[in-house]
Amino acid sequence: MDKRFLVTGADGFVGGALCSYLLSKDVMVAGSLRYEQLNVPPGIKAKVVGDINAETQWEDALNGIDVIIHTAARVHVMNEGTVDPLAEYRKVNVEGTAKLAKAAVQKGVKRFVYISSIKVNGELTYDGKPFRADSDPEPLDPYGISKLEAEEELKNISKDTEMEIVIVRPPLVYGPGVKANFHKMICWVMKGVPLPLGSVNNKRSFIALENLVDFLYRCAIHPKAANETFLISDGHDMSTSELLKKVAIAVGKRHRLFPFPVFILAVIGTVFRKKHVVSRLIGNLQVDSSPAFNMLEWKPVISIDEALKKVVEGYVS
């Protein structure tokens, strides 16, 4: 592989794993960072660019680059305290992405792989109908809105240039070092907390970190990926109860799920202003990954059980 890659957010959850994966493929990789002190995997040529926004100077980081995989973003901020959250998301996710893409065009970058989010499509699916790449977008929060606007900026830029754009919208990504709600679930199971989720029979799509980085590499090199949008998952949708049972097996403990009426869980979520939290536990969110599997001749490189075992091992260590 003679192409040279730039991975933005090289110190992040996805970016760091992606850098390590690319090195294993003997790919020449540079990684952008906000600060000098941040760590990247050994063998990665680090490029400090500062904060990502409309003023970021990318020229030095883009010298000799053929492919960009843009993982850096302003993600969900717990207890958001800004007056205008959408404006803050736009600075990084929209204006920053557009500035990078325009600089990439000037430098002759051939392909730009953008990590978007399933939140562009919406928060829940209904009637067993998974989200598709051509489904009408319905983002409901500032993060999802900013990701959709970034996609639109990239498509507009690609119309007038020869740089190819590939957009990837993953659902929840899990792997060693995962944070937020997935980490909380592991903690619940490890501590043996009784959970009233035994009656939950929803369907949700997930993707293991190992599968995502392998797919991103495929998007970077496969000719048919050019100017396409992909929704990607492990290929097996699970209920919340099934996921927790698999986590319990991975940690070597008995699960402590007990049946409880799902509609009462929904009412409790509304009463205590945790509706969005409960909806993620009991609602459906499925994606149609078949175009990614078929068009790019791709399949997951790790099973859900194997991936969960790695997550737990990382948690314990």
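Since we're looking at a predicted model, the values are computed, not measured.
Taking the six-membered ring where tryptophan is involved, the planes of His70 and Phe112 are perpendicular, since the angle between them exceeds 60° and thus also 30°. Taking the six-membered ring where the residue is Trp, Phe258 and Phe260 present perpendicular rings, their angle passing 60° and hence far from 30°.
Among all heavy-atom pairs drawn from Gly9 and Thr71, the shortest one is O-OG1, 3.6 Å. Considering all non-hydrogen atoms of both residues, Phe13 and Tyr174 come closest at CZ-C, 4.1 Å. Of all heavy-atom pairs between Pro142 and Leu86, the closest is O-CD1, 3.7 Å. In terms of heavy-atom proximity, Ile69 sits nearest to Leu216 at CD1-O, 4.2 Å. When all heavy atoms of Ala225 and Leu296 are compared, the pair lying nearest together is N-CD2, 3.8 Å. When every heavy atom of Arg204 is checked against every heavy atom of Ser279, the shortest pair comes out as NH1-O, 3.8 Å.
Residues Asn63 and Lys107 have side chains that bring a donor and an acceptor to within less than 3.5 angstrom of each other. Between His222 and Glu228, the side chains place no donor N or O within less than 3.5 Å of an acceptor N or O (distance only, hydrogens not considered). A donor and an acceptor atom, one from each side chain of Ser205 and Asp237, are located under 3.5 Å apart. Under the 3.5 Å distance criterion, with hydrogens and angles disregarded, no donor-acceptor pair is assigned to the side chains of Ser32 and Thr8. Side chains of Ser303 and Asp305: no donor on one and acceptor on the other come within 3.5 Å. For the 3.5 Å distance criterion, the side chains of Asn284 and Asn202 fail to qualify, holding no donor opposite an acceptor.
A salt bridge does not link Glu297 to Lys224: none of the charged nitrogens lies less than 4.0 Å from a carboxylate oxygen. Note on Glu123 versus Lys119: salt bridge recorded, some NZ/NE/NH1/NH2 to OD/OE distance being below 4.0 Å. The pair Arg132-Asp134 meets the salt-bridge criterion, with a side-chain N (NZ, NE, NH1 or NH2) lying under 4.0 Å from an Asp/Glu carboxylate O. For Glu88 and Arg74, the salt-bridge test fails: no basic side-chain N is under 4.0 Å from an acidic carboxylate O. A salt bridge does not link Lys99 to Glu55: none of the charged side-chain nitrogens sits closer than 4.0 Å to a carboxylate oxygen. Comment: Asp66 does not engage Arg111 in a salt bridge, judged by the lack of any side-chain N to carboxylate O separation of less than 4.0 angstrom.
Between Ile207 and the options Val168, Ile304, Asp234, a side-chain contact (heavy atoms from CB on, under 4.5 Å) holds for only Asp234.
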Stepwise, does the side chain to side chain contact (heavy atoms under 4.5 Å, CB included) test hold for Leu62 with Leu100? CA-CA 9 Å; Leu62 291 172; Leu100 172 58; 4.3 Å; yes
Evaluation steps, side chain to side chain contact (heavy atoms under 4.5 Å, CB included), between Leu154 and Thr97: CA-CA 8 Å; Leu154 290 172; Thr97 298; 3.9 Å; yes
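Note that the NZ atom of Lys147 and the CD1 atom of Ile115 stand 7.5 Å from one another [nearest 0.5 Å].
Within a 6.0 Å radius of CD in Glu162, other residues, nucleotides and ligands contribute 12 heavy atoms or fewer.
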